[in-house]
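This is a predicted model, so every value here is computed, not measured. Numbers here simply count residues along the sequence, with the first being 1.
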Amino acid sequence: MDQKKGSEERRRRENLVFAINGERFEVSTIDPSTTLLHFLRTQTPFKSVKLGCGEVPDRTAFYRLLAGRSYSRISIGGCGACLVLISKYDPILDQVEDFTASSCLTLLCSIHGCSITTSDGIGNSKDGFHPIHERIAGFHATQCGFCTPGMCVSLFGALVNAEKITDRPDPPNGFSKATASEAERAISGNLCRCTGYRSLSDACKSFAADVDMEDLGLNSFWRKGEENDVKLSKLPKYDHNHKKHKFPEFLKEVNPNVLMNFDEKDSWHSPTSLMELQSLLKANNNGNGRLKLVVSNTGMGYYKDIAGYDKYINLKGIHELSRIHKDASGIEIGATVTLFKAIEALRQKSDKCDYFQSDFNAILEKIADHLNKIASGFIRNTATIGGNLVMAQKNDFPSDIATVLLAVDSSVHIMNGSQFEWVSLEEFLKRPPLDLESVVLSIKIPSRPVQSDDKSTKIMFETFRAAPRPLGNALPYLNAAFLAEVSSSKEINACRLCFGAYGTKHAIRAKKVEELLVGKVLSVSVIYEAINLLKAIVLPEEGTSRIAYRSSLASGFLFKFFSPLIGDTFDNNYLNGYSNLKENGNNNGYVHNHDDKIPTLLSSGKQEIQVGDEYLPVGEPIQKAGAALQASGEAVYVDDIPSPPNCLYGAYITSAKPLARVKSIKLEPELQKDGSVKAIISYKDIPEGGENLGLKSVFGTEPLFAHDNIAKCIGDRIGFLVADNQKLANMAANSAIVEYDYENLEPPILSIEEAVERSSFFEFPIIGHLAQVGDLSEGMAKADHKILSSEIKLGSQYYFYMETQTALAIPDEDNCLVVYSSCQGPETTHSTIAACLNIPENNVRVITRRVGGGFGGKFTKAIPVATACALAAHKLRRPVRMYMNRKADMMIAGGRHPMKITYNVGFRSNGKVTALELKILVDAGIYEDVSMIMAPTIIGSLKKYDWGVLSFDLKICKTNLPSRSAMRAPGDLQGSYIAEAIIENVASSLSLDVDCVRNINFHTYESLCTFYKGNSGEPLEYTLASIWNKIVVSASYEKRSEMVKEFNKTNIWRKRGISRTPAIYEVSARPSPGKTSIFSDGSIVVEVPGIEIGQGLWTKVKQIAAFALSAIRCDGSRDLLGKIRVVQSDTVSMIQGGITGGSTTSESSCEAVRLSCNVLVERLMPLKEKLEQEKGTSVNWETLILQAHRQVVNLSATSFFYPGTVTNGYLNYGVAVSEVEIDLITGETTVLQTDIIYDCGKSLNPAVDLGQIEGAFVQGLGFFMLEEYEMNDEGLILADGTWNYKIPTIDTIPRQFNVEIISSGQHQHRVLSSKASGEPPLLLAASVHCAIRAAVIEARKQLLSWKHSQGLDSTFLLDVPATMPVVKEFSGLDIVETYLKWKMAKV
């Protein structure tokens, strides 16, 4: 009777109860598919969790909409911007478990009884910032700030859990128990597009007790050379006991395992036993709706399985599925055990350690190491072993776990209805997909995967994976795991060889190879035979990318596994002992022996700056304005603005065809009946007299919607669907049925070659005005050698700003509109909206406070978003907003301009170029956008060498592809690389050292003036030659070059390369207004039209305002910095604002503000002198300002900076040395060290400029090493999210990153002698590509020597980006086979 009553009590309806930042939340009605992120952003004031990688579901998903339920955005958990700390109470152990998780994947119902902590929950401006926020800010580790709250939560989670480690001593005051490696790796899964990660690494390591304080880089806490105890005293105090982080007591009474019925259909079940689970599954067999089994929902990050479900069964509460049992027979891991807990369990050594148990422990340790490279830390915290295997079995997920466990003969425990069975993992993977009544219960790894009692044999086990990122957060090209029992005579007694993720349905065993090897004594010829056999087994399915590369990986891994048995060794410690890496110094007397083997990702970097005192506080490396607010998540971005009442949400309906006439757009009938979709806005809804404009700028125009209903590219806007919420708008737009026809339309132009064939070009007059240099025929006549018709092809690059395109338009009185836009050109947005709606410009107001990453992508590409929202709001008289999902953003963004270059170059035998002739074809896409700037920027940076004669023919091709736009250093990056590629080709053709060829083609001041007429400056301003020589010493370039040669002589499977490259970057200052106002209490507000996009514009403006106003020279005027606030851009308040871009907006804004401050000083000076005369003493700032208000002095001044022809343009100079190491088995590149010297003139803020230099370089590194922004044959972008587009992460940047900013003296025509820093350093990343090429040349030399071939072809052009497959292909896909054949021939 009591049991029945208890069961009924359990099954009564329960409300969802949880806490967020200590505050109790109770929810009675919710759609079980709602994510925690959606709830946090729509139902709470906590906006620090950001949506960075959200995606839209496929067409089939719309059916869930038909029930009129609430929806959250589908996200993929790949960026870390939405991280929270989840705390869960265990009443049995009476302890709290804390772990970070992606709130975009976490279902709200799964946090019943949990406490959630966000970045603004660990600290904020009201209650006090947490030391994490303060140190992130103080180490200058935030720029746009959109990703920063997620970084803070990642680090906070690591620190909280480190304090629970009982076998570590208490750390010294101010430190954590976390090691430097643990603190740094805490953010290894978080993406950042701005900072370059080095500063973030330092901020994290500052909490580690074993950190060497000397290794911590530039910060605002201490000055260089201060003692460690002084440094520690200046760091924001950290309490390692986390007294403020407490689990709410009221949650300890909440029963986490309850049934929650939310309406007649939706329910959430949390069974606590297998019997309950069986009952639920059996009941569902009657066809009562759709059922979903969930644990942590991380599978949604990869498979967008969002078909409607009526019943959710949470498996977390079933003890049998969550236990880990280890005994003499092996280890059994429950299906709902997370990867993190599985890794912990696998690393726990058994008390009993006999001969076989020792092997087993070693195997488990290897498995744990491999699992630790899967996904990211915050995904491993929640993803489960069972879930991963089920995805591999049901969905062909490219699982690492399946491959590794297959190699150790694991078995799977399955419940089928009321039946239970154990099956081998191999059989499990081959079976048909599990049905709804079948549940994986556990996985068992046997202690003796190879049955043998012979103690003289040796067990060998190793796992392998080749992936774009070393620490995970990237799917592998191929994974493998091998187990072998080898006798003392090297005979293979048994083996299991497993491969996966190479483009097949599931992991497989190479049984034919196993059969070949078993019973044989291993030799070179046996391995060669095995590899040849393997090629016929590891065959990726048709349509798989990089088939030959993946097959080559399989051969390489097999060879690497068995190589010790034939006398070959791979030096796994190749990075240890690298002479330029600093050895561990002072670690505060705190050492963890078990962590000695885990080095930090980044070594100590050097940041050398020169601080000027002439214009204080200008020139000081002060902390970035608003940095702590960004870290806590309180900084407001457009999508953080609360939705006004009656707000609607929009999404583009875009063309799926590259060139087609749109006949009709239809929605599913159910959506039309429901009324949730309010309208489909098209060109027909543009008011009378308005223009179909999505862009109206000095560069050209672009239609808002397809002109004449003819869509001209995939992604062309054909409608704007408006609905009740963003999710519904996205899915309805994606499921819209568009009917096309192609009558009387020519085939689309989908390549540069087709554009040339059909003479499809944009005509820009500026191209004809570009000056050629010298006479081509004369230059060619001077040449001893020529390279003719050589080609270079460069692809595109996606911005990957963390905040996608977004806008909010609000109708106002009298036919007015207020538009909040995340854009770099509010003025252009303003005029475009007015022209589209046919209203006066004074009826439009565009406000932009800050942008979550721009890089040029938030200029023209942001304007149609704001205009579409404005048009819909104007028509419907309701607020309309849009937050574009990542997939749509990537499809229409366009990105960097691809191009094809053909060149002829003449040169002397010493490498001096006498003439260069180029034919450059640029793919602009379908609309002009800003493509007119490409010609001058490409040629401008290409002129960095003295070519003798320079002749060029440059055409901008019009294709039926999404229009390309400005991306950080547009054209300049490509032009600079083209120059390097030509120099490298010349050097290779002459067999000369490429550095010598660069030297001989360096500009003299005279040749500089010839190539850069008007912008070359004075002779003393040409600093490139001096810093080119300076870096030889500071980077030990010559010594390291010799060390690289020695390394390459003694290492077969790894090669190094080193390269030194220069950059010249032409910039032009632009006009800018500025306004300064002083309030009666002495506080100051400054307005500029420039947008804070992470480049520190506000910070520099504050500094220059403080400097300019200090000219009043009254008491307190030297300390005005803290009184100044820079406010958001407002197109009504500040007109003629122009564009934020081109790297000079900060200095133009600063000069405009300085001029306005000068006006105020001039107005205040008579009053100040009068007051001092009356008082007979100096007057303080507050008194002066108060008296000025009382005497009606105008304390608001607006000015306008207009650079004259003399001050308009100048050249930026920088040099870099990069050293890399490539793995010839996988093609993986490690950037060992990068040294940069950059001329910033007299930096307005060296800390800000340093961050710009590092961030720009790393973004360039992505272009040259990682980022593939490819299209299919019709122009559809193939990379559409974080799974298949890889920007740099902390584990892919230079391990040692040294930057020196030099002060090159007075420049009378610059703003306080400063120079730009935002874009020019991007060009220096070519040094990494050139270093990779140098390493590849060494690999090719070696390969030729094995083939006994002569005539190395070193004139090859290494593809951009030089990804792992590219490096491997150029180094030799057959390198292992060639080596083995060579070795057999020697025998």
Side-chain angles (χ1 to χ4, degrees), residues 271 273-274 277-278 281 293-296 298-299 303 313 315-316 318-339 341-343 345-346 360 363-364 366-368 370-371 374 383-451 461 463 479-481 483 496-501 504-509 511:
S273 69
L274 291 179
L277 177 59
Q278 288 171 332
L281 295 175
L293 301 179
V294 295
V295 181
S296 301
T298 53
Y303 293 105
I313 300 179
L315 303 180
K316 284 183 183 178
I318 302 175
H319 173 68
E320 293 92 332
L321 272 63
S322 61
R323 66 183 179 184
I324 300 172
H325 178 68
K326 194 174 185 180
D327 58 23
S329 67
I331 182 170
E332 184 179 352
I333 302 173
T336 64
V337 172
T338 64
L339 299 192
K341 289 184 178 178
I343 291 167
L346 292 169
F360 185 48
I363 288 172
L364 296 186
K366 293 273 190 183
I367 295 173
H370 192 105
L371 264 57
I374 297 172
T384 64
I385 294 286
N388 186 284
L389 292 180
V390 169
M391 284 204 306
Q393 200 262 355
K394 294 181 69 173
N395 305 105
D396 303 336
F397 177 70
S399 167
D400 279 87
I401 297 174
T403 306
V404 172
L405 296 187
L406 183 60
V408 291
D409 197 21
S410 301
S411 53
V412 183
H413 195 197
I414 304 173
M415 181 181 77
N416 296 303
S418 60
Q419 303 298 313
F420 297 83
E421 65 172 332
W422 280 96
V423 299
S424 69
L425 177 58
E426 186 174 4
E427 180 186 344
F428 171 73
L429 293 172
K430 291 178 180 178
R431 284 185 173 186
L434 294 178
D435 59 32
L436 286 177
E437 272 200 274
S438 299
V439 179
V440 173
L441 304 180
S442 62
I443 300 90
K444 185 164 187 178
I445 305 171
S447 59
R448 297 174 68 180
V450 177
Q451 297 298 323
F461 177 73
T463 71
N479 55 40
L483 178 76
R496 295 174 68 90
L497 309 176
C498 301
F499 300 88
T504 186
K505 289 185 177 179
H506 54 74
I508 58 111
R509 285 178 63 189
K511 289 188 176 181

Quick one: CD on E332 to CD1 on I445, what's the gap to the nearest 0.5 Å? 10.5 Å
Steps toward side-chain contact (heavy atoms from CB on, under 4.5 Å) verdict (V404, V408): CA-CA 7 Å; V404 172; V408 291; 5.7 Å; no
Looking at K505, I want to see if its NZ is surrounded by more than 12 non-hydrogen atoms of other residues, nucleotides or ligands under 6.0 Å. no
side-chain hydrogen bond (donor to acceptor under 3.5 Å, both in side chains) with N416: which residues, sequence neighbours excluded? E421, S438
Separation between CG (N388) and OG1 (T298), nearest 0.5 Å, reads 8.5 Å
In terms of the angle between their ring planes, are H413 and W422 parallel, tilted or perpendicular, with boundaries placed at 30° and 60°? parallel
Worked verdict on S329 versus K444 for side-chain contact (heavy atoms from CB on, under 4.5 Å): CA-CA 9 Å; S329 67; K444 185 164 187 178; 2.7 Å; yes
Should K430 and H506 count as side-chain neighbours, where that means a heavy-atom distance under 4.5 Å? yes
Counting distance only, does the side-chain N/O of Q393 pair as donor-acceptor with the main-chain N or O of P432 below 3.5 Å? yes
R431 side chain near V423 side chain, heavy-atom distance below 4.5 Å: yes
Heavy-atom side-chain contact between V440 and I385 under 4.5 Å: no
Check for a donor-acceptor pair, side chain of N395 on one end and backbone N or O of F397 on the other, with a separation under 3.5 Å. no
Inspect the surroundings of CD in Q419 and state if more than 12 heavy atoms from other residues, nucleotides or ligands are less than 6.0 Å away. no
Donor-acceptor contact present, side-chain R496 to main-chain L406, <3.5 Å: yes
Of all heavy-atom pairs between Q278 and G417, which one has the smallest distance, and what is that distance? NE2-O, 3.1 Å
Here the pair of heavy atoms bringing L277 nearest to L293 is CD1-CD2, 4.5 Å
Any idea which heavy atoms bring F461 and A407 closest together, and the distance? CE1-CB, 4.2 Å
What verdict does the side-chain contact (heavy atoms from CB on, under 4.5 Å) test give for I313 and L281, after you've listed the backbone C-alpha separation in whole Å, the side-chain angles of each residue and the deciding distance to 0.1 Å? CA-CA 9 Å; I313 300 179; L281 295 175; 4.2 Å; yes
Could you report the tightest heavy-atom contact between I318 and P271, atom names first, then the distance? CG1-O, 3.3 Å
Determine yes or no for a side-chain-to-main-chain donor-acceptor pair under 3.5 angstrom, with S399 supplying the side chain and I401 the backbone. yes
Quick one: CG on L389 to CG on L429, what's the gap to the nearest 0.5 Å? 7.0 Å
Could you walk me through whether K341 and S322 pass the side-chain hydrogen bond (donor to acceptor under 3.5 Å, both in side chains) test, one step at a time? CA-CA 10 Å; K341 289 184 178 178; S322 61; over 6 Å; no
How long is the gap from CG on L434 to CE on M415, to the nearest 0.5 Å? 11.0 Å
L321 and V295: side-chain contact (heavy atoms from CB on, under 4.5 Å), yes or no, with the steps? CA-CA 11 Å; L321 272 63; V295 181; over 6 Å; no
When you measure from the side chain of S447 to the backbone of F360, do you find a donor-acceptor pair of N or O atoms at a distance under 3.5 Å? no
Which heavy atom of V337 sits nearest a heavy atom of A342, and at what distance? CG1-N, 3.7 Å
Approximate separation, where rounding is to 0.5 Å, of I508 CD1 and C498 SG: 8.0 Å
Please round to the nearest 0.5 Å and tell me the distance separating atom OG of S410 and atom CD1 of I443. 8.5 Å
Contact summary for I363 and P449, nearest pair of heavy atoms: CD1-CG, 4.2 Å
Are the side chains of L346 and I333 in touch, meaning some heavy atoms are under 4.5 Å apart? yes
K326 side chain reached by I324 side chain, heavy atoms, under 4.5 Å: no
